[in-house]
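Structure record follows, encoded as structure tokens.
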Number of protein chains: 2
Amino acid sequence: MLPSSTVENYLKALHQAEASMGNETLVPMGQLANAVGVAPGTATTMVKALAESGLVEYEPYVGVRLSSAGTRLATLVLRRHRLIEQFLVEVMGMSWADVHEDAEQLEHVVSDRLVERMDAMLGHPAVDPHGDPIPTADGALADPDYHSLLTCPLSTPVTVTRVTDQNSSFLRFLEAQELKPGQSIEVENRNSAADSVQVLAGERRVTIGTNAASKVLIEIL
Amino acid sequence: MLPSSTVENYLKALHQAEASMGNETLVPMGQLANAVGVAPGTATTMVKALAESGLVEYEPYVGVRLSSAGTRLATLVLRRHRLIEQFLVEVMGMSWADVHEDAEQLEHVVSDRLVERMDAMLGHPAVDPHGDPIPTADGALADPDYHSLLTCPLSTPVTVTRVTDQNSSFLRFLEAQELKPGQSIEVENRNSAADSVQVLAGERRVTIGTNAASKVLIEIL
DNA sequence: AGCTATATTTTGAATAGTCAAAACAAAACT
DNA sequence: AGTTTTGTTTTGACTATTCAAAATATAGCT
Ligand SMILES: [Mn+2]
Ligand SMILES: [Mn+2]
Ligand SMILES: [Mn+2]
Ligand SMILES: [Mn+2]
């Protein structure tokens with residue numbers, strides 16, 4: 001049985017949840033339900049079915065974790081998603097702020113043939129437009145741990161490399177402020193009382209909240 | 001309610017069935033069920049639901065016909081399908097023999113944004129790789145009636161313009177025999193006893209059955 | 001230990017889509 | 001007119017996915 005779109009979405013959500021939490025921890029049902037956008041009971045039902053199929057390991061009242069088979073599948077969905085996003089930006093000329101929604105649907109229907117053709121056409125890219133790493137066809141996924149605007153040293157030139165939020169208006173905001181991946185900036189100072197971070201991007205001086213700042217990952221030059 | 005993939009497939013099948021039969025005739029349930037690939041009873045159930053939604057007109061024991069709303073929707077699905085095929089061939093470099101299957105899935109998930117971008121990138125093509133006309137964004141669909149290899153004059157140069165069968169191996173066969181849309185050929189003679197048609201394509205002399213011949217449409221130069 | 005707040009699971013019900021087989025209608029053929 | 005064939009509809013049942021609300025478990029707090 002090839003997995004339905006629904007199953008693929010659950011597996012992908014689980015994969016992302018595992019990545020965002022410290023690993024070893026099981027993902028609690030509530031969080032999964034929330035990520036997938038269904039009622040808690042629905043997630044329970046689905047997870048039990050996934051456990052039957054051997055795609056997850058489930059401990060009632062505790063949480064879920066992807067099995068190795070589940071991880072493999074989730075990674076392939078992620079590969080399709082990110083290659084599609086890169087394709088939509090590089091080939092179709094769409095905005096990095098818009099491609100997520102399209103990819104969310106297309107990831108479930110593109111054939112292997114088509115995915116590999118996009119990959120070749122793009123020159124086997126390592127990351128998508130948001131700086132998220134693209135798994136290889138055999139399921140290998142790099143996961144470097146970057147600094148963020150919250151943790152990097154002050155007054156030091158750094159490069160934006162990854163944005164961990166797909167929200168359209170957030171992405172458009174970053175673009176307007178010259179904070180897209182690839183751009184060089186400096187964090188000037190942080191004000192924990194004001195819950196804000198001040199960065200120098202291009203000519204501009206921008207102040208953003210710490211929550212937003214934590215979503216902008218950087219590399220030190 | 002936006003139509004599900006299933007509904008879109010029924011509408012498209014109905015549209016093609018209406019086109020292939022002489023119009024004015026209702027499409028019998030059996031034919032629809034067959035085209036969609038479901039049991040007859042399933043088609044009956046679905047058609048009753050479509051009639052409820054005003055997408056078709058249904059006469060029990062006689063047949064179905066698309067309403068104007070149904071026709072509009074079917075035409076838009078057809079537009080997406082054919083633009084996608086053209087895109088896959090022209091931009092992605094896929095074979096005209098393979099693109100139908102991919103398009104069959106993609107047609108249900110591509111956003112309007114993406115479709116219009118493909119259309120622009122292709123220069124607003126009038127036909128797809130099989131010579132099928134591409135409806136415009138407002139739903140207008142050209143439907144010229146071509147001759148076929150069965151009905152065209154003998155020993156007269158004609159151009160292949162359209163192939164009304166998506167079967168992969170048939171398309172590959174035509175390609176190998178230099179009978180793709182755009183190629184100039186001549187029908188040398190027909191043998192109704194042998195149920196065959198002999199054509200001169202490029203340097204080659206090819207003999208094909210009349211059923212196959214009826215699927216290759218041509219224009220007289 | 002007892003109570004409360006929170007998270008999770010169960011239960012009962014709904015929708016969309018499907019099939020197999022029985023029942024039935026229309027057409028075709030004696 | 002009576003019978004067979006063919007095509008269509010109905011019936012009963014099943015899978016996948018979902019929700020709301022009730023029941024229950026766990027964790028947190030006196
Ligand atoms: Mn998705
Ligand atoms: Mn991305
Ligand atoms: Mn389709
Ligand atoms: Mn086509």
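All chains are named by letter (A, B, ...) in the order of the sequence lines, taking the proteins before the strands, and each is independently numbered beginning at 1.
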*Quickly work out the B/Asn34 CG to C/dT18 C1' distance and round it to whole Å.*
16 Å
*Over how many whole Å does the gap from A/Met46 atom CE to C/dT10 atom P extend?*
16 Å
*Heavy atoms under 4.0 Å is the rule here; annotate nucleotides 5-11 of chain D 5' to 3' with B where the base is hit, S where only the sugar-phosphate is, and - elsewhere.*
---SBB-
*Output yes when B/Asp98 and B/Arg172 qualify as a salt bridge under the 4.0 Å nitrogen-oxygen rule, no when they do not.*
yes
*Shortest non-hydrogen contact from A/Ser67 toward A/Gly70*: OG-N, 3.0 Å
*Can you find a side-chain donor-acceptor pair between A/Thr210 and A/Asp195 that sits under 3.5 Å?*
yes
*For DNA chain C, what residues of residues 2-12 of chain B have any heavy atom nearer than 4.0 Å?*
B/Ser4, B/Thr6, B/Tyr10
*asked:* Without decimals, in angstroms, what is the distance between A/Glu52 CD and D/dT15 C1'?
replied: 15 Å
*asked:* Between the side chains of A/Arg80 and A/Glu8, is the shortest nitrogen-to-carboxylate-oxygen separation below 4.0 Å, so that they form an ion pair?
replied: yes
_For B/Asp112, I'd like to know if atom CG has over 12 heavy atoms of other residues, nucleotides or ligands within 6.0 Å._
no
*Look at the rings of A/Trp96 and A/His130 and say which category their plane angle falls in: under 30° parallel, 30 to 60° tilted, over 60° perpendicular.*
parallel
*Whole-Å gap separating P (C/dA16) and NE2 (B/His108)*: 18 Å
_Contact check, side chains of B/Val89 and B/Glu85, non-hydrogen atoms, under 4.5 Å_ = no
*Heavy atoms only: give me the nearest B/Ile218-B/Cys152 pair and the separation to one decimal.*
CD1-CB, 3.5 Å
